[in-house]
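Below, chain A is the first sequence line, B the second, and so on; all start at residue 1.
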Amino acid sequence: MIMKTHAPKGTYDLLPENASRWRYLENQIHKIFREYGFGEVRTPIFEHTELFQRGIGETTDIVEKEMFTFSDRGDRSITLRPEGTASVVRAFIEHNLAGPGAMAKLYYLGPMFRCEAPQAGRFRQFVQFGAETLGSNDPRVDAEIIALAVNFYRRLGIDDLDINLNSIGCPQCRPAYRQRLLEHLKPRAAQMCPNCQRRLERNPLRLLDCKNTTCQQLTVDIPLITETLCDDCGSHFEKLRQLLDSTGINYRINPRLVRGFDYYTKTVFEILAGDLGAQNALCGGGRYDGLVEMCGGKPTPGIGFAAGMERLMMVLEARQLLPEIDDRPHLYLAPLGEEAQQIIFPLCIRLRESGWIVETDLQGKSLKAQMKVADKLGARLTGVIGEDEYRAGKILMRNMETGEQELIDLAALDEYLEKVLRRR
RNA sequence: GUGGGCGUAGCUCAGCUGGUUAGAGUGCCAGGUUGUGGCCCUGGAGGUCGUGGGUUCGAUCCCCAUCGCUCACCCCA
């Protein structure tokens, strides 16, 4: 039996260099959610399978074939979460956050799991962040969520966002639209791609965003959902558009935008970035006024979005929008010999405790080799203690940039560091 | 699930129509001053050529299978 020495398909290791970039992004995420008044929730990474079956929809691709599902020892069916909304809604119901007139603004950030074929920007374990606003059907809530997402990407320097907006109606008006759509499309079924033929009965709305060119041509003259919304949905959509206009967000109405989960009502949106390749959606979301009730809570309107971290990272990398993160040591301490090591080890620990980034040799390397390491690490200063310095109670400080050296009293080291360095 | 591309050193890749001990760059280690980095020079370590089979006097190279990675379809963040 040979150990497998590679991470499972569709997973990856984040190594120190990249992990610090992730930390930067995570900080930006926490920051904007705080500013917009969202509180963080951390739900379990696995849930009862039933939650996703009911929440996301039995007939969605995710539930049908992409979930990591297994039985625990008590023979309960457990599933690694494939998305975040269902868990947040579950927690919202479980902790009774839906008091009369109460609203909850929640966000999450963490790994999700879907067992699909990995490719660029798509993994089996991937990180999503997202937000959910529960308890208000006011279009201002929709606009707030969209503005938050848009401004987040803008802040990071992505300024050519393609913001797609649509309304897919509600249980009042969608069935009628669905019917009209069927009437138009059924006679043309023979010309459709096999996929769309299958979808025709089950979810005809999905035909609208088929990428097959002949399918697209078949639907050029179909009635648009935005023209058949009921009064409630229509005015909701109209108000949302006014609100977005008032905040200077330049979206575009895309009547073909439909989404993969069953729970959406009214508003749906997607934010795309051009240079992402096939997986070009940075985030997507929408309103789900029936979901809380479907999951066993009191009827509560809600809206949210989910965003992919890996994809965002790809865009930021490609456009060089990630800041240089300076983790270089302020000081490298180079001991020569046993006695110097005994001085330097506690010194190193003490200086770190006062806020300096300090590195030292732990292998007993030669001075030459230690200088090399200090250089490679990018240390600003290197402090050498050999036999001479040890006897004299001194330390030889070398400026790695200029090469200048000066011998100072060990007792005056703190003062010296304060003078020539600045903490990061 | 379907289709394309690719598996040679830690990393990025050469390896001409199959021919001796498989190479380069980079990284790593050591040396070129007795206690001093970057540039330069020298040396060294490191490879079951993804795996298994086949063809052949002989396979990293050709054929088959298999595994892995990757891109795309589908779907999605």
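Residue pairs satisfying the ring pair (Phe, Tyr, Trp, His ring centres under 6.0 Å) criterion with at least one member in residues 37-70 of chain A, sequence neighbours excluded, are listed as follows: A/Phe33-A/Phe38. Applying the salt bridge (Lys or Arg N to Asp or Glu O under 4.0 Å) test to pairs two or more places apart or on separate chains, those with a residue in residues 415-424 of chain A are A/Asp326-A/Arg424, A/Glu418-A/Arg423.
Taking a 4.0 Å limit (strictly below) on heavy-atom distances, residues 329-340 of chain A reaches RNA chain B at A/Leu336. Of the residues in residues 399-414 of chain A, those lying under 4.0 Å from RNA chain B by heavy-atom distance are A/Met400, A/Glu401, A/Gly403, A/Gln405.
The side chain of A/Pro118 lies closest to B/U70, out of B/C76, B/U70, B/G38. Listed candidates were B/G35, B/A77, B/C73. Nearest to the side chain of A/Ala117 is B/C73.
Between the side chain of A/Arg124 and the main chain of A/Glu116, a donor-acceptor pair closer than 3.5 Å is present.
Atom P of nucleotide B/G31 and atom CG of A/Leu367 are separated by 12 Å, given to the nearest angstrom. Rounded to whole angstrom, the span from the CE atom of A/Met314 across to the C1' atom of B/A77 amounts to 12 Å. In this structure, NZ of A/Lys368 is placed 8 Å from C1' of B/G31, rounded to the nearest angstrom.
Applying the side-chain hydrogen bond (donor to acceptor under 3.5 Å, both in side chains) rule to A/Glu64 yields no partners; only residues at least two apart in sequence or on another chain are considered. Residues satisfying the ring-ring contact (aromatic ring centres under 6.0 Å, His included) test with A/Tyr263, not counting sequence neighbours, are A/Phe261, A/Tyr288. Contacts of A/His236 classified as ring-ring contact (aromatic ring centres under 6.0 Å, His included), with partners at least two apart in sequence or in another chain: none. By the ring-ring contact (aromatic ring centres under 6.0 Å, His included) test, A/Phe237 is found to be paired with no residue, residues two or more places apart in sequence or in another chain being considered. Taking the ring-ring contact (aromatic ring centres under 6.0 Å, His included) definition, one finds that A/His184 meets it with nothing, sequence neighbours left out.
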Donor-acceptor contacts under 3.5 Å from residues 392-402 of chain A side chains, at least two apart:
residue	atom	partner	partner atom	Å
A/Lys394	NZ	A/Asp409	OD1	2.9
A/Arg398	NH1	A/Gln405	OE1	2.6
A/Asn399	OD1	A/Glu401	N	2.8
A/Asn399	OD1	A/Thr402	N	3.1
A/Thr402	OG1	A/Glu404	N	3.2

Which atom pairs, donor and acceptor, lie under 3.5 Å between side-chain atoms of residues 103-110 of chain A and protein residues at least two apart or in another chain?
residue	atom	partner	partner atom	Å
A/Lys105	NZ	A/Tyr36	O	2.8
A/Lys105	NZ	A/Glu144	OE1	3.2
A/Lys105	NZ	A/Glu144	OE2	3.0
A/Tyr107	OH	A/His30	ND1	2.7

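Note: A/Tyr12 and A/Trp22 have tilted aromatic rings, judged against thresholds of 30 and 60 degrees for the angle between ring planes.
Between the side chain of A/Arg122 and the base of B/A72 there is no donor-acceptor pair of N/O atoms closer than 3.5 Å.
Proximity of A/Lys9 to the phosphate of B/C69: a side-chain N or O atom is located under 4.0 Å from OP1 or OP2.
Helical stems in RNA chain B, defined as runs of 3 or more consecutive Watson-Crick or G-U wobble pairs with both donor-acceptor distances under 3.5 Å, are listed by first residue as B:1-7 with B:67-73, B:10-13 with B:23-26, B:28-32 with B:40-44, B:50-54 with B:62-66.
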